[in-house]
Number of protein chains: 2
Amino acid sequence: MKLTSKGRYAVMALVDLARFDNINPVSLRDISLRQGISIDYLEQIFSKLKKNNIVKSVRGNQGGYVLSKNPNDIKLTNIFHAVDEKVKTVQCKKDSKKGCNGKATKCITHNLWDELENHINSFFEKKSLEDLVQNKKESRL
Amino acid sequence: MKLTSKGRYAVMALVDLARFDNINPVSLRDISLRQGISIDYLEQIFSKLKKNNIVKSVRGNQGGYVLSKNPNDIKLTNIFHAVDEKVKTVQCKKDSKKGCNGKATKCITHNLWDELENHINSFFEKKSLEDLVQNKKESRL
DNA sequence: TCATACCTGACTAAAATGGTCAAGTTTAGT
DNA sequence: ACTAAACTTGACCATTTTAGTCAGGTATGA
């Protein structure tokens, strides 16, 4: 299970983007300044977000990034997936004789992790970027 | 956020223990054989479980471990806590000017992680060892 | 007294994390 | 045409965490 700062940064950056891209593309430099994330690291993250069609890039001077969908249609699950935050709890080794091979003899706790994954994913599937932006506005910008 | 195989092993071992400790203490050796976890690693884990009063040890020949409470009273949250699996998503750095200091200027996604933590913890607080043992029985031993 | 089993702490290889650095390419504006 | 802003790509790396192993104990029932 991974849920680290890369995922957090991705979300922070996208919320920032959602709030400021009304008119012009937003540069990583601006996001970096506002959110306190290094540009170099943001570049890594945005490269992935772009590949997953969450943002579009505008190159050249005055360029930057823009959301490629409505914030309502961008769920957290999409974001995490894009930056390789896998909500996989623990893998059962394929080759182990004991324990779980995923087929006949499920390991003693296999169902548990499945349940947990569903539990967490359902949370992420409900939350959209729009929700977060609203939440931010409510809590006094 | 950490949810790794140490936590998984702890749960596996305890479910095993819950099923076999009816009469005698269960040795780590037996658990090791049944669950495919190295004895040395189990010792680390059980040391922590013991400190957190989840199991009791019986030393000497024919010794082993016994649950120190009813399986119904051992929640997953207790187990994870014992083996230092913190369900902490991401920490906001204390010293960073930007972002979150936990007080006045909550970082843009702070509420989100709080919500998520609660969501996950509630799952762990509901599940007891007994639930897992039952679940195992249902799914054909 | 000896075999079994717990107990403790040091150690470590490999992977993940959280980045940095360098060397580009693209394009708006002058 | 030039230049500066901004995206693009990929290599690199220090630190921390993970998932253990190893060695040398101590306790105790038979």
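In what follows, chains are A, B, ... by sequence order, proteins preceding strands, each numbered from 1.
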*Does some side-chain heavy atom of A:Asn78 sit less than 4.5 Å from a side-chain heavy atom of A:Phe124?*
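Answer no - side chains too far apart.
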
*Beyond-backbone contact of B:Lys6 with B:Lys48, side-chain heavy atoms, under 4.5 angstrom*: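 Yes; the side chains approach each other to less than 4.5 Å.
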
*asked:* So if I take every side-chain heavy atom of B:Glu43 and compare against D:dC22, C:dC6, D:dA19, which nucleotide ends up nearest?
replied: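 For B:Glu43, the side-chain atoms sit closest to C:dC6.
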
*asked:* Checking contacts here: which listed nucleotide (D:dA19, C:dG19, D:dC22) is nearest the side-chain heavy atoms of A:Ser38?
replied: C:dG19

*Which residues within residues 56-64 of chain A lie with some heavy atom under 4.0 Å of an atom in DNA chain C?*
A:Arg59, A:Gly60, A:Asn61

Measure the distance from [atom1] on [X] to [atom2] on [N] and round it to the nearest whole Å.
X	N	atom1	atom2	answer
A:Ile31	D:dA6	CD1	C1'	12 Å
B:Lys6	C:dA16	NZ	P	17 Å
A:Leu42	D:dA6	CG	C1'	13 Å
A:Gln44	D:dA11	CD	C1'	11 Å
B:Lys48	C:dC7	NZ	P	15 Å
B:Tyr41	D:dT17	OH	C1'	10 Å
A:Ile45	D:dC7	CD1	P	14 Å
B:Ile39	C:dC7	CD1	C1'	13 Å

*For B:Lys126, look at atom NZ and say whether over 12 heavy atoms of other residues, nucleotides or ligands are found less than 6.0 Å away.*
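12 or below, so no.
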
With heavy atoms under 4.0 Å as the rule, sort [X] into base, sugar-phosphate or nothing.
X	answer
B:Lys50	sugar-phosphate
A:Leu28	sugar-phosphate
A:Val55	nothing
B:Tyr65	sugar-phosphate

*Are a donor atom and an acceptor atom from the side chains of B:Lys50 and B:Ser57 found within less than 3.5 Å of each other?*
yes

*Tell me who clusters with B:Ile23, hydrophobic residues only, linked when side chains sit under 4.5 Å apart either directly or through other members.*
none

*Is the charged tip of B:Arg8 near the ring of B:Phe80: under 6.0 Å from the six-membered ring centre and within 45° of its axis?*
no

_Set of salt bridge (charged side-chain N to carboxylate O under 4.0 Å, His left out) partners for A:Lys127, sequence neighbours left out_ =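 If we apply the salt bridge (charged side-chain N to carboxylate O under 4.0 Å, His left out) test to A:Lys127, skipping adjacent residues, the hits are B:Glu115.
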
